[in-house]
Amino acid sequence: MSSMASSYKPEQARVPSALPLPSPPLTKFNIGLCQLSVTGDKKRNISHAKNAIEEAASKGAKLVLLPEIWNSPYSNDSFPVYAEDIDAGGDASPSTAMLSEVSKRLKITIIGGSIPERFGDRLYNTCCVFGTDGELKAKHRKIHLFDIDIPGKITFMESKTLTAGETPTIVDTEVGRIGIGICYDIRFQELAMIYAARGAHLLCYPGAFNMTTGPLHWELLQRARATDNQLYVATCSPARDSGAGYTAWGHSTLVGPFGEVLATTEHEEAIIIGEIDYSVLEQRRTSLPLNKQRRGDLYQLVDVQRLDSK
């Protein structure tokens, strides 16, 4: 195996070379996925999310994940109305002020789903990560905007109102190194591969797949990202509201590094608690040593951001 690996140059399959998996702050913990109903009442949405986070924490969750666009209806008409100035904080961003307060009070890590963010004259679909001290640890702006047209099924163009983010986001937290994507980001395996090469233990994708692509691709994509990269994948969707302009598929899920579904639900409101055990990562990677078998002599994934920072 060693001579074969040498001729294949697996270390050159990722440029810069993949980072070794870091030792996580803890090996085993519970994650809570809060599949929430979303209404047109922003204050209610914020209070509702707060209650759900508290319930997940009371059930032992050290990490809580919220859905995509949980403080607002999912529509191009709503994004500008419900958008917040996250950097200004306080009254300018009541949604993230709540996340900061709750994470600090409960001493948990929160992947705050996503909300519409106003930044100057631009709008973004943005996920905020808060640590156990209540501080904002990272902010991910959705990189791949949801622009699709399936005739007779669904047409949606996020780019009519939103601007695409420019930066992959990986963050060290009290529950490990986490790569962040939002909904449509999960379709692009290159982003997940970059996160894996940066030593991610877990990928979190708040999302709101629809009734056309949800049944076909939602679980498939989660299991594919987990299997390809031999890490955990967690997703969180809004609960389904068949009366809304955009109907979410639901089915928030936790997937293990062998592509196994560890915890999931249907489309109604739910709080799903699943166990993450990082010791399994090394077991899976030893049993199925993909990182030693990559053909760096034939192909490369180039992480431009890391390359430029050297």
Side-chain angles (χ1 to χ4, degrees), residues 32-59 61 64-106 108 110-119 122-130 134 136 139 141-142 146 154 156-158 160-162 182-183 206-211 214 235-252 265-272:
L33 313 175
C34 297
Q35 184 163 291
L36 305 173
S37 65
V38 178
T39 71
D41 183 339
K42 186 175 181 179
K43 285 187 176 178
R44 175 266 177 203
N45 292 336
I46 294 172
S47 173
H48 192 58
K50 176 173 171 283
N51 291 339
I53 295 167
E54 290 171 342
E55 183 178 339
S58 73
K59 294 179 176 178
V64 175
L65 178 60
L66 295 185
E68 180 183 28
I69 308 292
W70 56 267
N71 70 346
S72 157
Y74 187 90
S75 74
N76 280 317
D77 290 340
S78 298
F79 296 152
V81 178
Y82 290 74
E84 301 182 5
D85 184 342
I86 293 170
D87 290 350
D91 292 341
S93 186
S95 300
T96 60
M98 179 276 288
L99 297 178
S100 173
E101 185 276 323
V102 174
S103 61
K104 183 177 183 179
R105 173 164 50 85
L106 300 178
I108 59 172
I110 298 176
I111 310 291
S114 78
I115 64 171
E117 177 195 10
R118 186 177 298 282
F119 184 79
R122 295 184 173 185
L123 295 176
Y124 295 93
N125 185 340
T126 301
C127 175
C128 294
V129 180
F130 287 89
L136 179 65
K139 188 169 74 169
R141 291 169 171 164
K142 190 173 186 176
F146 179 60
I154 182 168
F156 201 99
M157 298 289 165
E158 273 190 331
K160 282 185 177 179
T161 54
L162 300 178
I182 299 175
C183 200
F209 267 50
N210 56 76
M211 298 298 293
T235 61
C236 191
S237 167
R240 190 179 306 169
D241 178 1
S242 56
Y246 180 95
T247 308
W249 171 240
H251 295 262
S252 304
T265 187
E266 294 296 321
H267 61 269
E268 303 92 352
E269 268 207 321
I271 292 175
I272 307 102

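Side chains are part of it too, since the values below use all heavy atoms of this structure and drop only hydrogens, waters and symmetry mates. These numbers were taken from a predicted model, which means no experiment stands behind them.
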**Report entry** Where Ala239 and Glu268 come nearest, the two heavy atoms and their spacing
**Finding:** CB-C, 3.8 Å
Query - Under the ring-ring contact (aromatic ring centres under 6.0 Å, His included) test, residues paired with Phe209 that sit two or more places apart - result: Trp218
Report summary line: Sorted by chain and residue number, the side-chain contact (heavy atoms from CB on, under 4.5 Å) partners of Ala57 (sequence neighbours excluded) come out as Leu106, Ile108
Requested in this report: Would you please name every residue forming a side-chain contact (heavy atoms from CB on, under 4.5 Å) with Arg240, sequence neighbours left out?
Outcome: Met211, Thr247, Trp249, His251, His267
Query raised in the report: So Tyr246 and Phe156, would you call those rings parallel, tilted or perpendicular, with 30° and 60° as cut-offs?
Result: perpendicular
Requested in this report: Could I get the full list of salt bridge (Lys or Arg N to Asp or Glu O under 4.0 Å) partners for Glu117, not counting sequence neighbours?
Outcome: Lys139, Arg141
Query raised in the report: If you look only at pairs with a residue in residues 76-86, which of them pass as a side-chain hydrogen bond (donor to acceptor under 3.5 Å, both in side chains), with sequence neighbours excluded?
Result: Lys42-Glu84, Asn71-Glu84, Ser75-Ser78, Asn76-Thr161, Glu84-Ser93, Glu84-Ser95
Query - With sequence neighbours excluded, residues passing side-chain hydrogen bond (donor to acceptor under 3.5 Å, both in side chains) with Glu101 - result: Arg105
Report summary line: Residues Asn125 and Ile182: closest non-hydrogen pair is O-CD1, 3.3 Å
Query - For Asp241, side-chain contact (heavy atoms from CB on, under 4.5 Å) partners two or more places apart - result: Ala244
Query - Any residue meeting salt bridge (Lys or Arg N to Asp or Glu O under 4.0 Å) with Lys104, in chain and number order, not counting sequence neighbours - result: none
Query raised in the report: Which heavy atom in Gly112 sits nearest to a heavy atom in Trp70, and how many Å separate them?
Result: O-NE1, 3.0 Å
Report task. Only counting residues at least two apart or in another chain, list the ones meeting side-chain hydrogen bond (donor to acceptor under 3.5 Å, both in side chains) with Glu269. Result -> Ser37, His48
Query raised in the report: Are the side chain of Ser47 and the backbone of Lys43 linked by a donor-acceptor contact shorter than 3.5 Å?
Result: no
Report task. Give a yes or no answer on whether the side chain of Thr126 reaches the backbone of Ser114 with a donor-acceptor pair at less than 3.5 Å. Result -> no
Requested in this report: Give the minimum heavy-atom separation between Gly134 and Ser103, together with the two atoms involved.
Outcome: CA-OG, 3.3 Å
Query raised in the report: Any donor and acceptor pair, going by atom type alone, linking the side chain of Ser237 with main-chain N or O of Ser252 inside 3.5 Å?
Result: no
Query raised in the report: Closest heavy-atom contact between Gly90 and Ala97?
Result: O-CB, 4.0 Å
Query raised in the report: How would you list, by chain and number, every residue that makes a side-chain hydrogen bond (donor to acceptor under 3.5 Å, both in side chains) with Tyr124, sequence neighbours excluded?
Result: none
Query raised in the report: Can you name the salt bridge (Lys or Arg N to Asp or Glu O under 4.0 Å) partners of Lys160, sequence neighbours left out?
Result: none
Report summary line: Hits for side-chain hydrogen bond (donor to acceptor under 3.5 Å, both in side chains) against Lys59, two or more places apart or cross-chain, chain-then-number order -> Glu55
